[in-house]
Amino acid sequence: MTDAGGGAPPAAPEAGGGAPAQGGDSGSSAVAPSVITTGEAAIRTDDPAAAAVAFTDAAIELGGTVSRSETSSSGDSPRAEVTVRIPADEYQTLVDRLGEFGEVEHQSSTSEDVGQEVADLQARRDALQASIDRLTELMASSETTADLLEAEAMITQRQAELDSLTAQLTYLQDQVAMSTLTVEFATDAVASSYTSPSVWERAWRFFTDSLEGIVLFVAGILPWAVVLGAVAWVVLAITRRRRPGPATPGFPLRERAPKSKGSSPITKADAPEVPRGGDESK
């Protein structure tokens, strides 16, 4: 799009300074770095709980927040672990102060530049917003209901995509603005022998956590299953009691023997009585 009021006069200086203008554009269009910094450290101290509290206070003084805190005092090996989010400008300041809370065993930091991803999300978001604005103008000037509904459907789809991109961009910007630092505080024995859990240990921990969830689910649903089972048994018993029993079949007064050729049928009264048990001569 060009400015109709400017016309040719503004275009002449741009054409005259072709190469420098391109160089300037390339410099101005360079992607600004957006760095996400995460770090971890292990500190040996005689009182891990107190050191964790002091570290938390220092992080809050620098404008940080505590995202996770865990303290364990089992046996003779107390330990504490704190994860804080600190403004990116104050991250190194907090790292330099780690020695105030005990002896630093190790400290490491990782930086990831997501500037290209942030720039891409911003460009896509701006393009979607411009498309939504144009569709809104088309809706205002639409003459038929079909055009209005089509424009509205397109706006709805683009708005959903815009919301998703905005959420991703907000998350990345928050990660860039606030760095993450996790510090473990432990006594001398624990800090010297501590090693990160292996794959099998993490898998076993996941299995036990899942098993615990299943047990809790069964324990929670078991009383309801007993109550529902009792109700179902009562209903079934009442239903069976109200159901009429089978009719008793009648018995014929006279049993007929199979007919033989040339003989009359023999009734039960005419049949000779056969003694049961004992000697037949008696």
Side-chain angles (χ1 to χ4, degrees), residues 1-3 6 10-11 13-14 17-42 55-70 81-98 104 106-139 151-184 196 199 202:
M1 298 179 62
T2 58
D3 187 0
E14 294 178 3
Q22 293 177 357
D25 291 344
S26 62
S28 61
S29 62
V31 176
S34 297
V35 180
I36 298 177
T37 303
T38 57
E40 60 179 10
F55 170 75
T56 299
D57 294 339
I60 294 176
E61 290 176 0
L62 295 175
T65 58
V66 179
S67 60
R68 180 176 176 273
S69 179
E70 179 182 355
E81 185 175 334
V82 181
T83 301
V84 298
R85 301 199 64 205
I86 196 77
D89 297 338
E90 301 293 344
Y91 174 81
Q92 191 59 43
T93 302
L94 184 61
V95 170
D96 295 338
R97 293 182 56 183
L98 290 178
V104 180
H106 73 84
Q107 192 278 323
S108 61
S109 298
T110 304
S111 298
E112 179 184 4
D113 188 2
V114 293
Q116 185 63 48
E117 187 174 356
V118 169
D120 179 61
L121 289 174
Q122 288 177 340
R124 293 168 59 188
R125 184 189 63 176
D126 295 342
L128 280 174
Q129 186 61 58
S131 177
I132 291 174
D133 295 340
R134 288 195 299 268
L135 288 172
T136 304
E137 295 177 358
L138 290 176
M139 285 184 61
E152 184 178 0
M154 296 176 67
I155 287 178
T156 302
Q157 178 183 359
R158 282 164 172 74
Q159 186 64 47
E161 296 176 1
L162 179 63
D163 294 340
S164 176
L165 292 177
T166 302
Q168 297 178 43
L169 184 60
T170 301
Y171 172 78
L172 286 179
Q173 290 174 342
D174 178 70
Q175 294 295 313
V176 171
M178 301 290 288
S179 301
T180 304
L181 178 61
T182 301
V183 181
E184 180 190 9
S196 59
V199 176
R202 291 197 298 267

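Numbers here are sequence positions counted from 1. Please read these numbers as outputs of a predicted model, since none were measured by experiment.
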Next on the checklist: Side chains of Thr180 and Thr38, heavy atoms from C-beta outward: is any pair under 4.5 Å?
Outcome noted: yes
Item to check | Sub-4.5 Å side-chain heavy-atom contact between Gln175 and Arg85 | outcome: yes
Taking all heavy atoms of [X] and all of [Y], pick out the closest pair and write down the distance.
X	Y	answer
Leu98	Gln107	CD1-CG, 3.8 Å
Val82	Ser69	CG2-OG, 4.1 Å
Ala88	Ser179	CA-OG, 3.6 Å

Checklist entry - Quick one: does Ser67's side chain have a donor or acceptor within less than 3.5 Å of a partner on Thr83's backbone? => result yes
Strictly by modelled atom types, are [X] and [Y] linked by a side-chain donor-acceptor pair under 3.5 Å?
X	Y	answer
Asp163	Gln159	yes
Asp133	Gln129	yes
Thr156	Glu152	no
Glu184	Thr182	no

As an exercise, state the distance from [atom1] of [X] to [atom2] of [Y], rounded to the nearest 0.5 Å.
X	Y	atom1	atom2	value
Thr93	Arg97	OG1	CZ	8.5 Å
Ile86	Gln92	CD1	CD	12.0 Å
Leu172	Gln122	CG	CD	10.0 Å
Met139	Met154	CE	CE	11.5 Å
Asp89	Met178	CG	CE	10.5 Å
Arg134	Ile155	CZ	CD1	11.5 Å

Item to check | Gln168/Arg125 under side chain to side chain contact (heavy atoms under 4.5 Å, CB included): CA gap, chis, key distance, verdict | outcome: CA-CA 10 Å; Gln168 297 178 43; Arg125 184 189 63 176; over 6 Å; no
Next on the checklist: What verdict does the side chain to side chain contact (heavy atoms under 4.5 Å, CB included) test give for Leu62 and Tyr91, after you've listed the backbone C-alpha separation in whole Å, the side-chain angles of each residue and the deciding distance to 0.1 Å?
Outcome noted: CA-CA 9 Å; Leu62 295 175; Tyr91 174 81; over 6 Å; no
Item to check | Trace of the side chain to side chain contact (heavy atoms under 4.5 Å, CB included) decision for Leu165 with Leu121 | outcome: CA-CA 6 Å; Leu165 292 177; Leu121 289 174; 3.6 Å; yes
